[in-house]
Amino acid sequence: MAASSSSSKSSLAMLMKVAMLVALVLVATVADGQSCNRHLSGLNVCGEFVVPGADKTNPSAECCNALEAVPSECLCNTLRIASRLPTRCSIPTLSCS
């Protein structure tokens, strides 16, 4: 069971790294023409709360405000893209539960 837990943590860590990378470099445009890049780069303040094994589990007000500022379509597109990356990089598909 420990190997499975370790594998799950490793997969989750990889997904979080990919998601953060996508958030940093993605330049997507939402329907109203605003760039997602500016909003997503604001999520850098949340990094310390989403890394597996982080000491801090409750996000700061600054993190929550940054997340609230991201348009939902922008965030959803980022997650869709991040979920497709493993296949496109020839990495086994991740399964999060």
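In this text the structure is predicted, and so the values were computed from the model without any measurement.
Taking each heavy atom of Pro86 and Ser83 in turn, the nearest pair found is CD-O, 3.6 Å. Here the closest non-hydrogen pair linking Val70 and His39 is CG2-O, 3.6 Å. Closest heavy-atom contact between Ala66 and Val45: CB-CG2, 4.0 Å.
Atom CG of Leu85 is separated from atom CD1 of Ile91 by 8.5 Å, given to the nearest 0.5 angstrom. We find the CG-OG1 distance between Asn37 and Thr78 to be 9.5 Å, quoted to the nearest 0.5 Å. In this structure, the separation between SG on Cys76 and CD1 on Ile81 is 11.5 Å, given to the nearest 0.5 Å. The distance from atom CZ of Arg80 to atom CG of Asn77, rounded to the nearest 0.5 Å, is 5.0 Å. The SG atom of Cys63 sits 8.5 Å away from the CD atom of Glu48 when rounded to the nearest 0.5 Å.
The shortest side-chain heavy-atom distance between Leu40 and Cys74 falls under the 4.5 Å cut-off.
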